[in-house]
Amino acid sequence: MASEIHRRSGGNPLYCEFLQDAWSSGETLPNTLKDLLLARTSRVSAHARSLLELLAVVGHPASEDMLAALWDGDGLTTGIREAVAAKLLTCRDGHYQFRHSLISEALLGELLPGSLARLHRRVARALTMHPALADDTTHLVSLRIANHWYAAGEKVEALKTAVHAALVIDVSSPADALRLYERALDLAHHLQAWPVREVGRAEVLRRAAEAAFASDDVTTARALVHQALGETPAGGHEEPSRALLYEHLGRYLEGSNGEDSGQECRECYERARSALVTSDSPQTWARVLCSCGLSRVVTGDTDGGMALLTRARAIAARSRDLHLQAIVDMNLAEATSCVRELETSIKYARTARDVAFRIDCTDVALRTYFVEARAAYLVSGRLADSVRIRRDGLRFAGQHGQAYSGGTLLRLALIEDLIETGGWDEAVGLLPDRLPGNPKSILETEEHLVHCYLAAHRGLPVDKGRASELQRLLPVDNLVHETYFLSLLIPLASTLGHRQAVEELSDRAIELTGRAVPAPGAGLFLVHALAAVIEAHCDRADAEDPCVHSVPEVLRLTEEAYARARTSVVAEVELTDGIMEVARARAERYRGVLRTDHWSRAAAVFRRTGALARLAPALFRAGQVLVTRQAEPRRARELLDAAHDLAVRMGAEPLRRQIELHAGRAAPEQDEAPAAVLDLTPRQSEVLELIAHGLTDREIAEELTISTRTANSHVAHILERLGARNRSEAAIRYHQMHRTAVASATGPDAPAADA
């Protein structure tokens with residue numbers, strides 16, 4: 001509300017007040033403010049008033065030449081001079097515009113429908129005959145002409161110009177193009193015949209479907225392409241080709257989470273290839289061969305798929321169609337990534353992006369960032385490389401207004417990287433303020449899942465029922481998405497204590513080990529999911545109703561899946577290496593073996609890859625083993641301190657509390673005497689107790705009714721007095737002193753209090 005009011009008011013405090021008062025009632029422009037604005041226009045002559053109304057209909061700054069072309073009769077110069085003198089218009093760079101946009105709104109609201117339509121018709125005709133009058137880009141001029149004809153109520157001209165404008169912008173601005181295509185299709189219902197000779201109705205349906213898909217509206221895209229198939233006869237030679245329509249439908253099915261969508265997708269691609277005829281354009285041949293080829297590579301037919309892709313690239317090169325070349329190179333980048341030719345994949349991705357930049361093709365450019373980031377990570381094993389590339393891509397998406405539409409896949413991939421690297425605040429900032437209530441696509445489901453996963457690990461409330469709700473939305477025929485979802489859903493269900501969901505999800509992950517998983521991402525995510533199964537089952541080992549799966553058997557399956565998936569990675573060290581070490585460590589603990597070897601190796605991997613969110617628990621578990629064994633107290637304290645610092649930095653509240661609980665149990669070094677409580681003032685003792693219970697400086701200030709600055713000062717003095725390096729070490733000292741005090745009070749034979 002504040003943003004919209006500021007935009008419309010231009011920051012004028014009086015206008016802000018009026019607009020804010022009207023907001024709750026839903027008024028666009030309150031009558032009191034409208035009267036105030038119109039009072040200034042009533043003081044000028046009829047000529048000046050007509051000029052103001054004309055400029056309001058134009059809707060953007062206009063040069064004097066444009067106003068002259070639109071003006072009917074004499075007195076234009078006099079009217080301009082009078083409006084400027086009355087401080088209603090300003091002139092900037094030779095273009096006249098309203099001093100305040102609300103004046104334009106008020107004038108438009110006063111015009112009768114007939115007068116408004118006549119003025120729009122006059123502007124539409126002038127711009128149609130002389131588009132250079134608008135003195136703007138071809139894209140904007142086309143949009144303005146289409147909008148003026150539509151506002152004038154001229155259905156035939158409105159339909160024609162809507163289609164022409166959409167054709168101009170459908171690559172660079174698919175969301176705007178979709179609105180224009182839908183407008184044209186709606187206007188066609190009021191006409192007896194389709195008025196556009198160059199582009200048929202079925203072709204408009206196809207292009208609208210592509211614009212909807214590029215805008216992340218998969219449901220609309222599928223509905224439109226089905227309509228186009230219904231209007232395109234089999235064996236016909238007119239555009240669009242049925243082969244191309246089946247190719248589109250296959251791509252749209254990739255983004256759905258229906259039970260058989262994966263099989264349908266592959267069938268559509270093969271049907272598209274079978275439907276190709278010699279009369280189809282080179283563009284159609286290349287697109288169909290390209291999509292069918294990539295589908296085959298992803299599902300394991302590497303030779304057949306690469307042959308189709310190579311043929312598609314040759315056709316695209318001969319066609320000299322830059323958009324087609326960018327699409328083919330992007331698909332080759334994905335295919336070569338699947339077959340472990342990662343340097344080649346990066347080369348194809350960058351080539352496709354360079355071409356996409358030249359032709360202003362946003363959707364292809366965004367996809368190349370996604371593919372390059374994945375390949376770069378598989379080469380280096382460093383999450384920072386992937387984060388850097390995806391940040392660049394999301395910045396590009398934001399510049400084109402597509403961060404939450406066409407850039408959704410890239411944005412979610414960046415969120416996943418940020419979860420691993422511990423950038424949780426940034427990850428939360430990339431999630432939409434309001435999630436769709438009923439997810440209809442894989443990406444919308446992923447938004448919900450990531451939101452719940454982050455909330456659970458930050459200690460925020462999550463409804464237990466969300467685990468089963470998200471489980472219901474689990475895609476069952478897209479292995480990359482399904483294995484990734486399982487890797488997040490299983491620990492989420494375990495955290496929420498949803499045993500039934502854990503069992504069912506574990507069954508699904510174990511079932512997938514018996515299937516061929518050719519895509520590199522799916523194989524790696526399957527290892528992550530199986531490791532999550534081991535963690536969930538080990539956590540329930542001492543429960544009254546333990547899980548039914550055998551941890552050693554799940555570990556065996558995980559090792560087998562890891563051996564298969566690891567071959568797709570070029571990097572010497574990769575995140576999955578550390579996850580595998582964690583699975584081995586948990587399986588050892590399940591058997592009663594307490595060693596730090598696997599935890600230490602896992603921590604080394606996570607540190608090298610930059611996976612701080614996994615490094616913190618690994619350090620904590622290693623320190624926990626030492627505390628349990630009462631061995632190497634200094635090393636145990638160092639590990640717990642490092643884990644605590646990471647947990648605080650990320651905002652992982654449950655992990656932080658768990659670390660502080662165990663930090664209090666860490667044994668002091670033999671040559672180290674516990675600090676005496678008497679060394680602190682009564683107020684400092686109170687503050688130390690609150691530190692030991694995990695409160696921040698601000699929370700301490702609120703608890704003791706003091707300022708945050710005073711709390712900061714107390715904490716600093718306490719650390720200095722105790723010789724503690726950080727809050728975690730101060731908490732350890734507090735628990736040491738607490739145990740000593742209890743032991744002294746109860747006698748030498750009494751058990752020490754559990755921290």
Side-chain angles (χ1 to χ4, degrees), residues 242-277 280 284-317 324 327-349 352 367 370-371 374-375 378 442 475-484 511-527 560-561 563-570:
R242 288 182 71 82
L244 189 59
L245 292 174
Y246 280 121
E247 185 273 341
H248 290 359
L249 187 56
R251 278 192 290 114
Y252 305 160
L253 284 165
E254 286 183 16
S256 64
N257 54 357
E259 185 171 348
D260 300 316
S261 59
Q263 181 61 31
E264 281 186 71
C265 164
R266 293 186 287 275
E267 289 175 358
C268 281
Y269 285 144
E270 293 300 330
R271 193 169 181 180
R273 194 173 68 86
S274 301
L276 284 168
V277 294
D280 282 333
T284 297
W285 275 85
R287 289 287 292 268
V288 171
L289 293 175
C290 191
S291 294
C292 189
L294 179 60
S295 174
R296 289 189 177 189
V297 170
V298 169
T299 52
D301 182 8
T302 302
D303 294 338
M306 291 304 296
L308 292 176
L309 283 161
T310 303
R311 187 178 171 193
R313 193 165 200 259
I315 294 172
L324 184 63
I327 290 172
V328 174
D329 281 347
M330 180 191 70
N331 280 273
L332 274 165
E334 294 198 50
T336 48
S337 175
C338 289
V339 297
R340 207 167 174 261
E341 296 177 11
L342 299 174
E343 297 291 352
T344 304
S345 174
I346 293 171
K347 183 190 74 173
Y348 276 128
R367 184 74 184 182
F370 177 85
V371 175
R374 183 177 60 193
L378 293 175
I442 286 178
V476 294
D477 207 16
N478 185 312
L479 284 176
V480 175
H481 285 94
E482 183 176 6
T483 50
Y484 172 67
E511 179 189 339
L512 289 176
T513 61
R515 293 177 56 179
V517 186
L524 296 172
F525 285 139
L526 179 58
V527 176
E560 291 175 359
R564 291 193 302 269
R566 190 60 178 82
T567 59
S568 65
V569 182
V570 173

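- The number of heavy-atom neighbours closer than 6.0 Å to CZ of Arg566, taken from other residues, nucleotides and ligands shown, is above 12.
- A distance of 8.0 Å separates CG in Asp301 from CG in Leu308, rounded to the nearest 0.5 Å.
- Applying side chain to side chain contact (heavy atoms under 4.5 Å, CB included) to Tyr348 and the options Leu332, Val371, Asn331 leaves one that passes, Leu332.
- Under the salt bridge (charged side-chain N to carboxylate O under 4.0 Å, His left out) criterion, Arg311 pairs with no residue at all, not counting sequence neighbours.
- Looking at Arg564, its side chain never comes within 3.5 Å of a backbone N or O of Gly523 through a donor-acceptor pair.
- A donor-acceptor pair under 3.5 Å is formed between the side chain of Tyr269 and the backbone N or O of Arg251.
- Every residue meeting the salt bridge (charged side-chain N to carboxylate O under 4.0 Å, His left out) condition with Glu270, not counting sequence neighbours, appears here in chain and number order: Arg273, Arg296.
- A side-chain donor-acceptor contact under 3.5 Å links Thr336 to the backbone of Ala333.
- The backbone N or O of Met306 lies less than 3.5 Å from a partner atom in the side chain of Thr310, making a donor-acceptor pair.
- Remark: Glu334 engages Arg367 in a salt bridge (charged side-chain N to carboxylate O under 4.0 Å, His left out) (not counting sequence neighbours).
- Residue Glu341 holds its CD atom at 11.0 Å from CD of Glu343, rounded to the nearest 0.5 Å.
- Of all heavy-atom pairs spanning Ile327 and Cys290, the tightest one is O-SG, 4.3 Å.
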